[in-house]
Each structure stands twice: as C-alpha cells, then as structure tokens.
Protein chains: 4
Amino acid sequence: MLKKNKREKILKAAISAFAQKGYHDTSISKIINKAGIARGTFYLYFENKRQIFDSILENLIVEIDRCIKKIEIGKERQNPLEQLKDNLRRIFTLFVENPELSRILLRHAAGLDKESDQKITEFYNNIADKIEDALKLGIKMELIRDCNPRITSFLILGSIKELIEHVTLTMKNKSDINPVIDEILNFGLHGLKNPGLSSLFLQ
Amino acid sequence: MLKKNKREKILKAAISAFAQKGYHDTSISKIINKAGIARGTFYLYFENKRQIFDSILENLIVEIDRCIKKIEIGKERQNPLEQLKDNLRRIFTLFVENPELSRILLRHAAGLDKESDQKITEFYNNIADKIEDALKLGIKMELIRDCNPRITSFLILGSIKELIEHVTLTMKNKSDINPVIDEILNFGLHGLKNPGLSSLFLQ
Amino acid sequence: MLKKNKREKILKAAISAFAQKGYHDTSISKIINKAGIARGTFYLYFENKRQIFDSILENLIVEIDRCIKKIEIGKERQNPLEQLKDNLRRIFTLFVENPELSRILLRHAAGLDKESDQKITEFYNNIADKIEDALKLGIKMELIRDCNPRITSFLILGSIKELIEHVTLTMKNKSDINPVIDEILNFGLHGLKNPGLSSLFLQ
Amino acid sequence: MLKKNKREKILKAAISAFAQKGYHDTSISKIINKAGIARGTFYLYFENKRQIFDSILENLIVEIDRCIKKIEIGKERQNPLEQLKDNLRRIFTLFVENPELSRILLRHAAGLDKESDQKITEFYNNIADKIEDALKLGIKMELIRDCNPRITSFLILGSIKELIEHVTLTMKNKSDINPVIDEILNFGLHGLKNPGLSSLFLQ
DNA sequence: AATGAATGAGTGTTCATTCAT
DNA sequence: GATGAATGAACACTCATTCAT
C-alpha cells in the first residue's frame, strides 16, 4: 500500500512536470523534488525517464480507449446517436478533468523518437479505425451518406482532437461540455451549408 | 551566390535531420555532417541550433500563410467555393511537396518550450481566425447555416491538420490531392447524414 | 567529513593548477585529473570554473585580512612597532607557507575581467586604507613625520607586495622572514640616506 | 609608408583592446574591427595574437628602459639626486601619457604563460638590478646608509610600481607628477619616523 | 526499501588561424 | 597586398543513471 502510494506520488509529480515543460525540459531532479523523494528511489519504481513517460502515456491511452464504446444496434442498445454522444462526452470529460494528461498527449508526446511516434500513430490509427468501422456501419444502414470512410475518419478524428486541445486550454468547467458536443455533431452530421439555400448555388 | 548556396545546403541538411529525429535528437554534428561542412561554418550562417530551427519554422509558416488567400465576394472574384478549394489545394500541395517540413511543423515543433509553443499556438489561432471570419461572412450571406463560428473554426482546422498529417505520410503523388479536397468539402458542407433519410430518424 | 575532504581535494588540485598555469590555461579536465574525480563531481562542489577561482581568491583575501590587526595604543597593547612587525610577520608567513596561493593572487588574479579586477582593487585599497589610518595616527602621535598619507600608503603597500613576490619565489624557509621584515622597517622608518651625512649634501 | 601606417593602426587598435579587456577577453575580431581591416590582413602584419601582445609589451619595455639612465658621478653630471628625479619624472610621464600601455603592463601582462612571465620577471629583475647598482654605489659613496641592497631594490621597485598604478588610474594631468616624486624621494631617503623624536622611542 | 554522492558520455559553442580568390 | 569564408581543435557544462552504504 505504501509502495503504491510512493509510485503514485512520483507519477503525479512527473505528470505535472511533463505537462508544464515537456519531456526534454523535465529533468529527473525536477520530478524527484516535486515528489519529495531521493534520486535513487526514483529508479526503484521506474526503469528510467523514458519509461515513466511511456507509462503515463500508456495509462492515458488505456483510459481513452475505455471511453470509446463500440456503437452497436440492437433492441437493448440506445439510439446510435446517443451512443456517439456518450462516447464524446466521456472523452471530453476525461480530458477536461485531466488537463495535464491532455497536454502531455497532445503537445509533448509527438516527436520524441521513432518508437514513441509509432505508438502514438498506432493509437490514433486505432481510433480512426473505430470511427471508420462506425462510418461503414452507418453507410450500410443508410444512416450515413456515401463517403470515403478512411479519409472521413481522419477528418472526424482531427476535428475532435483540435477541439479537445482548444477546450482543455480554455474550459475549466466540465458542465460546458454538452453544447460543444452538440456543435460537433451538428457539424459532422449536417455540415455547414445553409439548408434553405438552393443547392445549385453552392455547387 | 556561393554564400546563398551554402546557407541553403545547411538548411536542407537541418530540415532533413530535424524531420527525421526532431529537435533534441538532432545534434549539430549530424547537421554539419549531412551538409558536409565544418563545425565553425555552421555558426557563420546561423546563430545557434535553436535559431536555425526557428528559422525553418518561420519560413514554413510564411509559406503557409501565403497559400491562404482571403475569400472575397465580387464580380471579378471566383465562386467562393472555388476560392476555398484553391486555398486547400495550395496548402495540400505545399505539404505534399515538402513532407519534411510538414513533419517538423506537425510532429516536432510543438512542445519545444514556452516561446516556441506560443508561436505555434499563435499561428494556428491565426488560421482559426481566418476560418472564423470566412464562416461569419458565409453566415451573413446565408450561404452557411447558423453555428458557433469559433468552435467550428477549430473543428475545420483540426480536420484539415489531421488529414494533412495522414496525407503526407501516405501520399507521394500530388495528383491525388483533388479527390481528398472534395472529400473535405463534402464533409464540411453537407455533413455525413444520409440526405435521403427522414430527419426524424437522426434527431 | 568525507564530503569536506573531497571539496578540499578539488580545491587543492585547482589551487595547484591555477598557480601553475593561471585561470585561462587551466582546464576543468586538468583540475579533475589532479583531483582524481569525475567531471560531474566537480560540479557537485563548485558551480563553475569561475566560481572555484573566486572562492580560492576570496578565501585568501580573508586569510590575509586576518593577518592584519589594527595597530592600537594602550597600556595592554604592545609597542606599536612590535604590532607592526607582528602584522608583517603573519603576512609573510602566510605567503611563504602558501606559495601557490600567493602566485594566484599576485600573478593570476589581476586582469581576469572587470568584476574580478574590481574585487582585487578593492582588496588592495582596503589595505591601503588601513595603512593610511595607521600613518595618520602615527602623525598625530608625532611618531611619524608629516607626509601625504594616501600616497605613502601606496608606497608602503607596493614595497611589501613586491617583496612578497620576490620572497615567495626565492625563499623556501620561513625562518628567514625576520631579517627581511627588519629590512622593510628600516627602509620605511629611516629611509636610505646615510644619517652621518650632512643634510645639505642630499637636498 | 602605407604599410607602416597599417601596422600602426593595428597596433593602436590592439593596445586599446588589450588595455580594456586584457589578453584573453580580446578577440582578433575586436582588434580588426577597431582597426578597420580584414581578418587575413591582421596576419600579414603579425604572426598571431600572442605575438602582437608580446610586441606591444616589448616596445613598452624598451621605452621604459630608455627612461632609466644610469646614475653617474662626475663633474659634467648633475647632482645624483637630480639624476634620480629625472629618471622618475621620465618614467611617470611615460606612464601617465600612455595609460593604456600602463594598464597592459601592470594588469594584463602577468600570468599569461611561462614564457611571458619569465620575460616580465626578467624585465623587473633588470630594473631591480639597476636600482641595486645605484644603491651599492650610494653606499660606497656613503650617501646611503648600509642596507641589504637586493631586498631594498625590490622595496623601491614595488613602491614605484604601486604608485604608478595608482597614479595612472587617478591622475589625468601630468603636471601633478612633481609632488608625487618628491613624496617618493622623501619616503625613500628619510623614511617616515619623525626626526624630532627621540630615537629611543622607536627602537 | 531508501539514499544521494559519484559518474562520464554527450553537446553546443567559440575563436585563433588558414588559404583560395 | 588584401580579403573573409572556412576550418576544427578545444572547452565548459549537463544530466540520466549507478551503486555503495
């Protein structure tokens, strides 16, 4: 129990440091000072600087994955749109409640090295895959118009990522999440063109 | 002339190195080896490691800005949609033709330090501002439905950024750009819902 | 205790190196080799190269100051001449016993940079001030003839400095100090003119 | 003639730079900027940085030597005291009129390296030798009381050096030299003790 | 388990000197 | 003679990691 506590303490210190300064500008000294432990102790709980960073990232990725539930159709399941909203709500809540982790993932995780880049890329591809699957299902069910589901999945992924970054920087109160999500859905479902406009005009 | 050439040579070497390994994992030694020059020569053309990185980034930012022309309405101007397409075409072409620069901007520029982060943030905010202005104009002209233009600008920005990253990693041939742009526009204008579907179903 | 020892070891190595080669021709490598420690260890005990030099100098200045006791008149105090002799004896002993420190102060400390120069100048001015005060007291007590005490203080200071430099280069045995001090005092008190000589001859 | 001029220009620039910043803090860049010449040109006139410094120093040493005329007795010669005064006057004038050179000799010349140190030492020893010779002559002629002429020569040399340093830092006007020289002579000849005082008191 | 002194490979930067033009 | 771009040896300093206590 004590051991777990100390590990947590170090993790917390590291998260705070990495979020503020990024990987390279965070020294082990900074982390151990924040955690109030000795230099050697750090290496009892983590292999090295890189590993604690990866560990933080991995944790976050798992958490995010947990937020995304496959959208399924069925009597016992909710309206697919509602399932989608729930996914978004969980993800936004996770990020707003953990702005430091968000910062690490969105600002500092990319570009560390080949290995790390690959992990991040894989993670996003994974999400893109899930979006793609959902799109394909939607198309098959004729809920969604015909489109290139691969490209579209990245469009959706990108818009959500960017909004998360914007929101975690500006929003402190998670109660404001719902209107943001509605905006995403409106954008994604209906697009921007004025529905009252003659379709001739914009083509 | 010779002097210009050498500067270019160093820049090219640095761009290649930074793109591959990022800022921190690129040593001056690597750059000068790639450029085939002596250590001291580097410092004849650039103040220090940081400055050459900033210089590369600044250059790219200027190039990107040059791709984005304000969308304007008028007899002599093209259809606004066509203007929008041209903007996107220019940007995608720039990135596809300069995959290394893209990589530096998208992967390695963020998270270097406070100052650099601010510059990047400012750059993106600037673009978001332009998108926002265009949206407001579109709303006023009733080409675009009512929406939160700030949030939507980030949605659009994000979807484009993500697609650029995806495209520069996978696309080698710039002739493939047009269909991608069409996909973006379809997504942004009409959204994803199947227009044949009863609106009741998806609300 | 161990820690103190290591600091002393580094200081000793640095003093020896600086005395031999001066500040600029002494590299950190030289110091750590002499001290038998690793590069990083040096920086555990001293901030940087400059600081260890300043530290050595500062120490020496304090030691020298400690040698100089204010000459005071009073029943419990010795003959002022004896007090003066004691001051000189302590100073010469300090220098003869620490020829390396002497060398650093007299040869290598001046001309390092503005800041260092100022410190040295201040130190010497300080001593000159003390000499001046002593002179003024002596004049007031009519032990000493009328003279310009400021100028004279520099004459005295200079003669002692030069002799110290000469003595530390040539004298190994501190038992030889006394005659030297007598020579200084004779010179300073009675001057060089032959007292048997008609005063007319030399004016 | 032109060639001579350029050499002079470089020398002047170097003297000014060395006087201000010392040997190590003066870069070739500084010198050539001050002199308004190109990098390579410097090396047409001087072998390297060290050589121009030595050259400056050597020049000054020769000038100083020229100030010092052997004190000789004879019908055609002036009073020896007057000869001594003339020597001092010439030296002080030289230094006061060339404060930069003074600074280089007194502050920055010592401690450069073994070779340079030796040259300086030799120069001062040379002067001390001359003083010693004069002392010996004075003793033989019974103008000067018995003393250790070697030690005393350093006392005299030191007092003059220190006063020169003080004077060049504070005195701008060479007309003020005479009283200073009188002070030196009074100090050196008669010492400081009050002549009216019973000799018992101070022994 | 905890400590923190010790390590040393690695890096950015400077600057006197050279040499082709 | 004059130039100044090019050179590369040399150096101070950092910091993740280790290991004896």
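Just so it is clear: chains get the letters A, B, ... in the order the sequence lines come, proteins before strands, and each one is counted from 1. Since the structure is predicted, the reported quantities are computational estimates derived from the model, not experimental observations.
- For D/Phe46 and E/dA16, the CZ to P distance is 15 Å, given to the nearest whole Å.
- Atom CG in D/Leu44 sits about 12 Å away from atom P in E/dT18, given to the nearest Å.
- Distance A/Ile37 CD1 to F/dA16 P: 14 Å, rounded to the nearest Å.
- Each of B/Phe42 and C/Phe42 was assigned the nucleotide of DNA chain E with the nearest heavy atom; the assignment lying further toward the 5' end belongs to C/Phe42.
- One cannot find a donor-acceptor pair under 3.5 Å joining the base of E/dT7 and the side-chain atoms of C/Arg39.
- Partners of A/Asp117 under the salt bridge (Lys or Arg N to Asp or Glu O under 4.0 Å) rule, at least two apart in sequence or in another chain, are B/Arg103, B/Arg107.
- Taking the ring centre of C/Tyr23 as origin, the terminal cationic atom of C/Lys49 falls inside the region bounded by 6.0 Å and 45° from the ring axis.
- As a whole-Å value, the separation of D/Gln51 CD from E/dT17 C1' is 14 Å.
- Within 4.0 Å (heavy atoms only), B/Thr41 reaches at least one base atom of the nucleic acid.
- For the pair C/Tyr43 OH and F/dC11 P, the interatomic distance rounds to 12 Å; values are reported in whole Å.
- Rounded to whole Å, atom P of E/dG10 lies 13 Å from atom NZ of B/Lys30.
- When rounded to the nearest whole Å, the span between CG of D/Asn5 and P of F/dA2 equals 11 Å.
- Using a 4.0 Å cut-off between a side-chain N of Lys or Arg and a carboxylate O of Asp or Glu, A/Lys21 and B/Asp113 do not qualify as a salt bridge.
- The separation between B/Ile52 atom CD1 and E/dG12 atom P is 12 Å, rounded to whole Å.
- The phosphate of F/dA5 (OP1 or OP2) has no side-chain N or O of B/Tyr45 nearer than 4.0 angstrom.
- For the pair B/Leu105 and B/Ile120, the minimum side-chain heavy-atom distance is below 4.5 Å.
- For the side chain to side chain contact (heavy atoms under 4.5 Å, CB included) criterion with A/Phe123, the lone passing option out of A/Leu57, A/Leu60, A/Ile64 is A/Ile64.
- For D/Lys161 and D/Tyr124, the positive end sits near the middle of the six-membered ring, less than 6.0 Å away and at most 45° from its axis.
- Residues from residues 15-26 of chain D lying near DNA chain F, meaning a heavy-atom separation below 4.0 Å, are absent.
- Using a cut-off of 4.0 Å between Lys/Arg side-chain N and Asp/Glu carboxylate O, D/Asp25 and D/Lys30 are scored as not salt-bridged.
- A distance-only check finds a donor-acceptor pair linking the side chain of B/Ser102 to the backbone of B/Phe95 [under 3.5 Å].
- Here the side chain of A/Thr26 pairs a donor or acceptor atom with the backbone of A/Gly22 at under 3.5 angstrom.
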| query | With Watson-Crick and G-U wobble geometry limited to distances under 3.5 Å, how should the secondary structure of DNA chain F be encoded in dot-bracket form, using | for bases paired to another strand and [ ] for crossing pairs? | reply | .||||||||||||||||||||
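- Contact annotation: C/Lys6 side-chain N/O to E/dA6 OP1/OP2 distance is under 4.0 Å.
- Sequence order on DNA chain F of the closest nucleotides to D/Gly40 and C/Asn48 puts D/Gly40 first from the 5' end.
- The side chain of D/Lys49 lies closest to E/dA16, out of E/dA9, E/dA16, F/dG8.
- You'll find the side chain of B/Glu63 stays beyond 4.5 Å of the side chain of B/Leu101, heavy atoms only.
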